[in-house]
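I have placed the structure first, in the form of structure tokens, so that the comments after it can refer back to it.
A quick note: this is a predicted structure, and the numbers were derived from the prediction, not measured.
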Amino acid sequence: MKRIGVLTSGGDAPGMNACVRAVVRTALYHGLEVYGIMRGYSGLIKGEIVRLDTTAVANVVQRGGTILKSARSQKFMTREGREEAYNQLVHHGIEGLVAIGGNGTFTGAELFEREFGIPTVGAPGTIDNDLFGTDYTIGYDTAVNTALEAIDKIRDTADSHDRAFFIEVMGRDSGYIAIPCAIGSGAEIALVPEQVQSIDSIIETLQRARGRQKSSLIVIVAEGEEEGNATHIATQVKDAIPELDARVTVIGHIQRGGAPSAADRLLASQIGIAAVEGLINGMRSVMAGIIDRKLVYTPFHDCITRKKPLNHSFVRMIDILST
């Protein structure tokens, strides 16, 4: 293998730039040429491909977002689109790919490799931390800290006014952001997709907390929660407890931005190196990840289809610490 490409796809995550940097410098270290593919699979189809050298990734390790940009491509979901992408790789002489992204990125990469034989190694770049095959994904640690900082500030105003705040955090269909935010902020409840919790039980928990004369109440809601979004849940609780002074805050896309934490920079660098060296060693259709502090490669199929289990001991911690 003489020439590889690197792309970022799907939602951006803090640390993606650190991963791109690691990919580029590892490729150069091993004597490979490396090309950056702009705007993910969309840019690949259009031939938005530029050669990268060591200076192209200088001073990016601390930057949020992605210097390669990101986009979602409907066209890549068709065989015609994937064939156009393949032709662009052939035209540029690119023999392998590092794809930085999440579930959708790896779904496309697996299909692309199966149809056209382009070996791809994935790097888990998503704030949701919902990919099977790694303990943590690039961007997750930063997103949790960003959300927690916002929740701490909301707690101050909640305490000043004796209010209850229903705070919605990201995480798609996972409670991985919600759970540590709830523990770290001292929230009374965390509502996550992995654990069914009825409105009645939520009301009962809040009533008990009010009975202990708590001056503020915090409920963390993961965006994919089965009972609905934070506004819907707050409305139902308010109907049951009319005297409750309730407010809703959706933290939103602030969780995607900002400089990556030290943990995310380290993780992104580890995985970027592992992705390139995986390609060199003949790996394909796998994701590089870290489990129990050890490097592992997991087939895309498993990353996509297997559910990453929630740590239920953390859920129990919320129940204990909120009493």
Side-chain angles (χ1 to χ4, degrees), residues 5-23 36-46 48-49 60 63-78 81-82 85 88 97-113 118 120-134 136-144 146-147 169-174 176-177 193 222-224 251-258 260 264 267-268 271-272 275 285-289 298-308:
V6 57
L7 60 83
T8 55
S9 178
D12 61 303
M16 279 185 165
N17 285 327
C19 190
V20 171
R21 172 180 178 268
V23 168
I37 299 164
M38 305 299 294
R39 296 174 181 83
Y41 294 130
S42 177
L44 179 55
I45 292 170
K46 297 173 183 176
E48 297 178 10
I49 300 172
V60 303
R63 288 171 56 184
T66 164
I67 59 171
L68 297 180
K69 309 295 184 183
S70 187
R72 303 185 191 278
S73 175
Q74 292 296 320
K75 192 170 185 181
F76 193 77
M77 297 174 69
T78 68
R82 292 189 294 274
Q88 290 289 352
L97 290 175
V98 174
I100 306 169
N103 189 287
T105 301
F106 299 158
T107 299
E110 183 188 37
L111 189 56
F112 191 49
E113 193 276 333
I118 298 294
T120 303
V121 175
T126 168
I127 67 169
D128 301 331
N129 199 34
D130 59 350
L131 287 170
F132 181 88
T134 187
Y136 300 106
T137 57
I138 298 165
Y140 170 67
D141 184 74
T142 307
V144 169
T146 298
V169 298
M170 284 183 159
R172 206 171 63 132
D173 299 322
S174 163
Y176 269 94
I177 292 178
E223 62 183 349
I251 297 180
H253 283 75
I254 188 176
Q255 293 159 92
R256 289 198 186 279
D264 273 328
L267 178 65
I271 289 178
S285 284
V286 296
M287 180 194 76
T298 302
F300 282 153
H301 180 75
D302 289 346
C303 297
I304 296 161
T305 60
R306 296 184 65 177
K307 182 71 173 175
K308 184 175 183 177

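Of the possible donor and acceptor atoms, none in the side chain of S70 sits under 3.5 Å from a partner among the backbone N and O of G40. Side chain of D173 to backbone of G224: no donor-acceptor contact under 3.5 angstrom is found. A distance-only check finds no donor-acceptor pair linking the side chain of R82 to the backbone of F112 [under 3.5 Å]. Judged by distance alone, with hydrogens and angles left aside, the side-chain atoms of T78 form a donor-acceptor pair with the main-chain N or O of G81 at under 3.5 Å. Judged purely by atom type and a 3.5 angstrom limit, Q255 uses its side chain to pair as donor or acceptor with the backbone of M170. In this structure a side-chain-to-backbone donor-acceptor pair under 3.5 Å is present from D264 to G139.
A distance of 10.0 Å separates CD1 of I138 from OG1 of T126, quoted to the nearest 0.5 Å. Rounding to the nearest 0.5 angstrom, the gap separating the NZ atom in K308 from the CG atom in L131 is 7.0 Å. Residue M16 holds its CE atom at 8.5 Å from CZ of R256, rounded to the nearest 0.5 Å. From S174, atom OG reaches atom NZ of K307 across 6.0 Å, with rounding to the nearest 0.5 Å. Interatomic distance, CZ of R39 versus CD1 of I45, reported as 14.0 Å (0.5 Å rounding). Residue Y41 holds its OH atom at 7.5 Å from CG of L97, rounded to the nearest 0.5 Å.
Closest of all the heavy-atom pairs between Y176 and D128 is CB-O, 3.6 Å. In this structure, A288 and A275 approach most closely via the heavy-atom pair CB-N, 4.3 Å. The minimum heavy-atom distance linking L68 with L7 is given by the pair CD1-CA, 4.1 Å. The shortest non-hydrogen separation linking A222 to P193 is CB-CD, 3.8 Å. Nearest heavy atom pair, residue P260 against residue G15, reads CB-N, 3.6 Å.
Residues Y136 and D141 have side chains not in contact (no heavy-atom distance under 4.5 Å, counting atoms from C-beta outward).
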When the side chains of residues 298-306 are checked against the rest of the protein, which donor-acceptor pairs come out under 3.5 Å, sequence neighbours left out?
unit_1: T305; atom_1: OG1; unit_2: H301; atom_2: O; d: 2.6

Test side-chain contact (heavy atoms from CB on, under 4.5 Å) applied to N103 and R172, step by step: CA-CA 11 Å; N103 189 287; R172 206 171 63 132; 3.8 Å; yes
Worked check of side-chain contact (heavy atoms from CB on, under 4.5 Å) between T66 and N17: CA-CA 5 Å; T66 164; N17 285 327; 4.2 Å; yes
Criterion side-chain contact (heavy atoms from CB on, under 4.5 Å) on L267 and Y140, from CA distance to verdict: CA-CA 10 Å; L267 178 65; Y140 170 67; over 6 Å; no
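For S9, the side chain to side chain donor-acceptor pair (under 3.5 Å) partners are T105, not counting sequence neighbours. With sequence neighbours excluded, no residue forms a side chain to side chain donor-acceptor pair (under 3.5 Å) with K46.
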